[in-house]
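Note that the numbering runs from 1 along the sequence shown for the chain. Small disclaimer: the values here were computed from a predicted structure and weren't measured.
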Amino acid sequence: QVQLVESGGGLVQPGGSLRLSCAVSGGTFSRYSMGWFRQTPGKVREFVAAIRSNGGHTYYADSVKGRFTISRDNAKTTGYLQMNNLKPEDTAVYYCAADRGIILSSIRNNEMWGSWGQGTQVTVSS
């Protein structure tokens, strides 16, 4: 099982940008799909974006499509989530996830991902 560490969260004004990073160790990174989820108190962890192991396919929640971009650098064993035009409703703890065998129909289901980071807080407020 791989280990994941997120970074890059913080406080940003509405309309601003942040880039989250997810450093992965303990496995062959290039064989894992990666995902980003977010969670607010009392709510289920929500799918944000995902990217396949070779970076060839990406998937987004409708709420972030056109504003967020998921990417990965297999040489650096790191995944990224570039977040632009942030809104107050994007405020949440953001988690990265990794899995070798996740299938397309399960990619938006947080219960199907095998490995998780500890989360990083993103707060969008003026």
Side-chain angles (χ1 to χ4, degrees):
Q1 198 170 14
V2 292
Q3 292 78 50
L4 296 81
V5 178
E6 301 98 334
S7 60
L11 173 65
V12 62
Q13 292 187 343
S17 298
L18 281 175
R19 188 176 81 156
L20 305 183
S21 298
C22 177
V24 180
S25 62
T28 305
F29 178 73
S30 61
R31 296 180 181 175
Y32 286 77
S33 295
M34 286 200 62
W36 287 93
F37 289 75
R38 64 189 182 187
Q39 190 170 24
T40 53
K43 293 195 175 180
V44 174
R45 198 166 290 188
E46 172 190 34
F47 172 77
V48 175
I51 186 168
R52 285 302 198 183
S53 57
N54 63 2
H57 296 278
T58 57
Y59 311 90
Y60 295 94
D62 288 344
S63 58
V64 307
K65 204 172 292 183
R67 300 188 298 122
F68 290 13
T69 302
I70 189 170
S71 63
R72 62 190 295 154
D73 185 333
N74 284 351
K76 294 183 178 179
T77 67
T78 300
Y80 304 97
L81 184 69
Q82 177 66 43
M83 305 186 294
N84 298 330
N85 190 22
L86 282 159
K87 304 176 181 181
E89 52 264 41
D90 295 318
T91 296
V93 177
Y94 282 71
Y95 298 88
C96 65
D99 197 279
R100 282 188 63 174
I102 194 162
I103 60 175
L104 181 57
S105 60
S106 298
I107 213 161
R108 296 169 187 265
N109 184 344
N110 71 84
E111 296 181 359
M112 302 305 291
W113 291 81
S115 300
W116 292 88
Q118 82 288 348
T120 185
Q121 176 71 46
V122 171
T123 302
V124 184
S125 175
S126 54

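Each of Y95 and V5 belongs to its own hydrophobic cluster when Ile, Leu, Val, Met, Phe, Trp and Tyr are linked at side-chain heavy-atom distances under 4.5 angstrom. The cluster map of Ile, Leu, Val, Met, Phe, Trp and Tyr, joined by side-chain heavy atoms under 4.5 Å apart, puts M83 and Y80 in different clusters.
With sequence neighbours excluded, the residues that form a side-chain contact (heavy atoms from CB on, under 4.5 Å) with A50 are F47, Y59, I107, W113.
Distance check, rounded to the nearest 0.5 Å: CG of N54 to CZ of R72 gives 8.0 Å. For the atom pair OH of Y60 and CH2 of W36, the computed distance is 12.5 Å after rounding to the nearest 0.5 Å. Interatomic distance, OH of Y94 versus CD of E46, reported as 8.0 Å (0.5 Å rounding). In this structure, CG in L4 is found 9.0 Å from CD in Q118, a value given to the nearest 0.5 Å. The NZ atom of K65 sits 9.5 Å away from atom OG1 of T58, with the distance rounded to the nearest 0.5 Å.
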Check the pair Q121 / L11 against side chain to side chain contact (heavy atoms under 4.5 Å, CB included), numbers first and verdict last. CA-CA 8 Å; Q121 176 71 46; L11 173 65; over 6 Å; no

Between D90 and K87, does the salt bridge (charged side-chain N to carboxylate O under 4.0 Å, His left out) criterion hold? Intermediate values first, please.
CA-CA 5 Å; D90 295 318; K87 304 176 181 181; over 6 Å; no

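The environment of CD in E89 is crowded: more than 12 heavy-atom neighbours from other residues, nucleotides or ligands sit within 6.0 Å.
Residues L81 and V48 approach most closely at CD2-CG1, 4.1 Å, considering heavy atoms. Nearest heavy-atom pair across G119 and V93 is CA-CG1, 3.9 Å. Closest heavy-atom contact between R38 and V64: NH1-CG1, 4.0 Å. Between E6 and C96, the closest heavy-atom pair is OE2-N, 2.8 Å. Taking every heavy atom of both residues into account, P14 and S126 meet most closely at CD-N, 3.7 Å.
Using a distance-only test at 3.5 Å, with no hydrogens or angles considered, a donor-acceptor pair links the side chain of D99 to the main chain of G114.
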Ignoring hydrogens and angles, write down the donor-acceptor pairs under 3.5 Å from the side chains of residues 18-34, residues two or more places apart or on other chains.
from: S33; atom 1: OG; to: R52; atom 2: NH1; distance (Å): 3.2

